[in-house]
Amino acid sequence: MPLTFHNTLTRRNEPFEPIDPGHVRMYVCGPTVYDRAHIGNARPVLVFDVAYRLLRLLYPKVTYVRNITDVDDKINARAIDSGRSIAAITEETTRHFHEDMAALGALPPDVEPRATAHIPHMIHMIETLIARGNAYEAGGHVLFSVPSDPNYGCLSGRSRDEMIAGARVEVAPYKADPADFVLWKPSTPELPGWESPWGRGRPGWHIECSAMSREYLGETFDIHGGGQDLVFPHHENEIAQSTCAHGKPFVRIWLHNGWLMVEGEKMSKSLGNFITVHDLLKQGVRGETIRLCMLSAHYHQPLDWTAEGVRQAKQALDRFYTALRGAPETPEPGPAPAEVVAALEDDLNTPRAIAALHERATALNKAGTPQDRARLKGELLAGGALLGLLSQDPDSWFKAAAAEGGPSVEEIETRIAQRRAARAARDFALADGIRDALLREGIVLEDSASGTTWKRSGG
RNA sequence: GGCGCGAUGGCAGAGCGGUGAUGCAACGGACUGCAAAUCCGUGUACCCCGGUUCGACUCCGGGUCGUGCCUCCA
């Protein structure tokens, strides 16, 4: 079955045909580094991480570029509010972002360009757009001329007139056309700025992605991704800038992930339901649980983040690791099961892929011979790896210390030994008392023919 | 106002013009000293109204509700 993606440009599923079958190129809009990553920021990272893993399985070479936006008015505002330097904020936030995404099992992209390291590239592209008649200087600003681009609106499916009719903002007086947008804007002395042919200033929001994707992926490349909210204006404007500057198509396939809700409401600071990845980790929700929860809905659908959803994701991982724990060592990882690959090839259908993993787990639990069990364990592991899951040692999964502490491994082992003695003496009241006490501390015991194993129930 | 998206069993969430999704939860059974885990089994699911069709949860039209973008936002 061929790889297909839902292309926002055509609003339908299309077979994926790389421009160069030997080298797939993908760009994803990364974070603006002014604050801790929230779970909404994590969704595209995880969705495109799965896309990256799948593409690497299917093609010999993949270049995945995800930018860091480190020049932005939100960053400037944060610097003024906090009294810290812009450099300190962007450096620290970038580090936190890397830590948080690593905790979610996201692979680093091949290239992670920072906007401030590519100002000359942006200036060069703006000069090209001016030279080609697609941009003009006005009042210290450089603006993209939307009427100069007959294809403007092709991604978001709205005409220039519709956009103006729907606009809820006052039109800046220096704009020749109400739909025009900023490529370069002047900076006051206290704001970050770079010398340019139009004076000291800073780039507009959209130009960095056009300049950096060109630098690392070329003028035309395969896949561009991001959140659905970026369709307009960000990606629409990127298309306008890049196609007008280069005179050729920009991107083959546009992928956009759906929005994330929290307990049925839009996540926002004012509602107080703003959840960062760091907060979840601190509460003892493990990165792998967050990851599975995030992938349990199709990327195109809205995802409602709930405590119940997190609990179900944890249950599912317990089930997988329980199946793996009891299976013999596998000599080789083996290929990912065809059902898992097929599900992901069908527009990254992660829920179906996870269902296929569950079927493997059931088969593993039922399998009789060590050979079958080893084979099925290998398949489950390989399928999990394609989704970035199940890479831990099962014992680590079950015995990892909870965030809030709990009894130590030594203490647990000691009490299990006491219980074993009580059971041997058929003092079941004492044995059950020990088990109940441990349960209250979040430790679940499981007796089997080969002895007693335990796991922590929280997180 | 303009442009989109969605509505599936107690919950989450896939899917297809005619056959079991899957998991969680519940209930019954096997196993267990009792549990836990595991396995087996059970449950009138497809928002409403029209239409197309031999047949629609699945296609088309209308409606209702929810939600997103149009302004910084993943």
Side-chain angles (χ1 to χ4, degrees), chain A residues 8 11 28-32 34-35 37-48 69 72-74 77 153 156-159 161-170 179 205 225-234 236 256-261 264-269 292-293 295-304 306 308-320 322-323 325-326 339 343 346 349-362 364-366 398 423 426-429 431-432 435-436 438-439 443-449 452-455 457:
Chain A
T8 309
R11 303 197 188 276
V28 175
C29 289
T32 300
Y34 70 103
D35 207 352
H38 56 70
I39 51 177
N41 300 121
R43 169 117 103 143
V45 172
L46 292 176
V47 164
F48 293 106
T69 298
D72 181 275
D73 287 348
K74 286 192 294 291
S156 55
R158 58 187 88 197
S159 71
D161 290 343
E162 285 169 352
M163 285 181 288
I164 294 164
R168 285 184 274 164
V169 268
E170 302 250 342
W205 174 33
Q228 216 150 50
D229 55 303
L230 296 180
V231 171
F232 187 86
H234 184 54
E236 192 71 72
H256 292 97
N257 62 274
W259 200 265
L260 191 135
M261 315 273 291
E265 289 182 306
K266 178 172 175 170
M267 183 168 64
S268 72
K269 287 187 173 165
L292 180 61
C293 194
L295 297 178
S296 65
H298 185 83
Y299 78 91
H300 211 253
Q301 299 296 121
L303 175 65
D304 192 12
T306 63
E308 172 61 15
V310 172
R311 192 194 65 78
Q312 290 193 8
K314 165 69 163 55
Q315 288 288 319
L317 285 168
D318 278 346
R319 184 168 190 271
F320 291 138
T322 299
R325 179 161 67 168
E339 295 93 326
D346 183 11
N349 193 330
T350 51
R352 217 173 90 203
I354 292 165
L357 249 36
H358 275 293
E359 284 165 356
R360 276 299 180 294
T362 302
L364 171 54
N365 286 332
K366 283 201 284 195
F398 287 119
R423 291 181 74 205
R426 302 198 66 79
D427 183 352
F428 294 119
D432 291 353
R435 185 174 63 199
D436 292 346
L438 281 169
L439 184 61
I443 308 300
V444 178
L445 301 189
E446 297 174 3
D447 297 328
S448 75
T452 299
T453 57
W454 61 273
K455 63 187 187 187
S457 62

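Chain letters run A, B, ... following the sequence lines, proteins first and then strands; every chain starts at 1. Only heavy atoms go into these numbers, but all of them, side chains included; no hydrogens, no water, no symmetry mates.
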Worksheet item: Would you call A/Arg352 and A/His298 a side-chain contact if the rule is heavy atoms closer than 4.5 Å?
Response: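 They are not in side-chain contact.
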Write down the distance separating the [atom1] atoms in [N] and [M], rounded off to the nearest Å.
N: B/C11; M: B/A74; atom1: P; result: 32 Å
N: B/G55; M: B/U42; atom1: C1'; result: 29 Å
N: B/C60; M: B/G17; atom1: P; result: 12 Å
N: B/A14; M: B/C65; atom1: P; result: 25 Å
N: B/U58; M: B/G23; atom1: P; result: 26 Å
N: B/A26; M: B/G63; atom1: P; result: 43 Å
N: B/C48; M: B/A56; atom1: P; result: 14 Å
N: B/A45; M: B/U64; atom1: P; result: 28 Å

For [X] and [Y], indicate whether the former's side chain and the latter's backbone hold a donor-acceptor pair under 3.5 Å.
X: A/Asn257; Y: A/Tyr299; result: no
X: A/Glu339; Y: A/Ala356; result: no
X: A/Asn41; Y: A/His38; result: yes

Fill in: Reported CD1-to-CG distance for the pair A/Ile443 and A/Asp436, which is rounded to 0.5 angstrom
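Rounded to the nearest 0.5 Å, the CD1-CG separation comes out at 13.5 Å.
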Worksheet entry | nucleotides 34-41 of chain B: protein proximity per nucleotide (B base, S sugar-phosphate only, - neither; heavy atom, under 4.0 Å) | BBBSSSS-
Discussion item. Can you give me the closest heavy-atom contact between A/Phe232 and A/Ser156, atom names plus distance?
Written reply: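 Shortest heavy-atom contact: CD1-OG, 3.6 Å.
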Fill in: Nearest heavy-atom neighbours spanning A/Trp454 and A/Leu445
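Closest approach of A/Trp454 to A/Leu445, heavy atoms only: CB-CD2, 3.6 Å.
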Practice prompt. For A/Ile354, answer base if it contacts any base atom (sugar-phosphate contacts may also be present), sugar-phosphate if it contacts only those atoms, and nothing otherwise; contact means non-hydrogen atoms under 4.0 Å.
Written response: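 Nothing, no nucleic acid heavy atom in range.
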Practice prompt. Check step by step if side-chain contact (heavy atoms from CB on, under 4.5 Å) holds for A/Asp73 and A/Trp205.
Written response: CA-CA 9 Å; A/Asp73 287 348; A/Trp205 174 33; over 6 Å; no
Whole angstrom value for the distance that separates [atom2] of [N] from [atom1] of [X]:
X: A/Asp72; N: B/C72; atom1: CG; atom2: C1'; result: 8 Å
X: A/Glu265; N: B/G68; atom1: CD; atom2: P; result: 10 Å
X: A/Asp73; N: B/U71; atom1: CG; atom2: P; result: 16 Å
X: A/Phe232; N: B/C73; atom1: CZ; atom2: P; result: 12 Å
X: A/Glu359; N: B/A21; atom1: CD; atom2: P; result: 12 Å
X: A/Leu230; N: B/G68; atom1: CG; atom2: P; result: 16 Å
X: A/Lys314; N: B/C24; atom1: NZ; atom2: C1'; result: 13 Å
X: A/Arg352; N: B/U22; atom1: CZ; atom2: P; result: 14 Å

Discussion item. Using the six-membered base ring of B/G68, report whether A/Trp259 stacks on it, requiring centroids under 5.5 Å and planes under 30° apart.
Written reply: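 Answer is no, no stack.
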Counting side-chain heavy atoms from CB outward, which of [options] is closest to [X]?
X: A/His358; options: B/A74, B/U22, B/G33; answer: B/U22
X: A/Ala355; options: B/C69, B/U67, B/U22; answer: B/U22
X: A/Asn257; options: B/A74, B/A25, B/G33; answer: B/A74

Item to complete: Check whether any side-chain N or O of A/Lys74 sits under 4.0 Å from OP1 or OP2 of B/U71, and answer yes or no.
Response: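 Indeed not, no polar side-chain atom of A/Lys74 lies that close.
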Discussion item. Is the phosphate of B/G15 approached by A/Asn349 (side-chain N or O, under 4.0 Å from OP1 or OP2)?
Written reply: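 Yes, within the criterion.
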Got a list of protein N/O to nucleotides 4-13 of chain B N/O distances below 3.5 Å?
residue: B/C11; atom: O2; partner: A/Gln312; partner atom: NE2; Å: 3.2

Worksheet item: Which dot-bracket string fits RNA chain B when only Watson-Crick or G-U wobble pairs with both atom distances under 3.5 Å count, crossing pairs get [ ], and | stands for a partner on a different strand?
Response: (((((((..(((.....[...))).(((((.......)))))....(((((..]....))))))))))))....
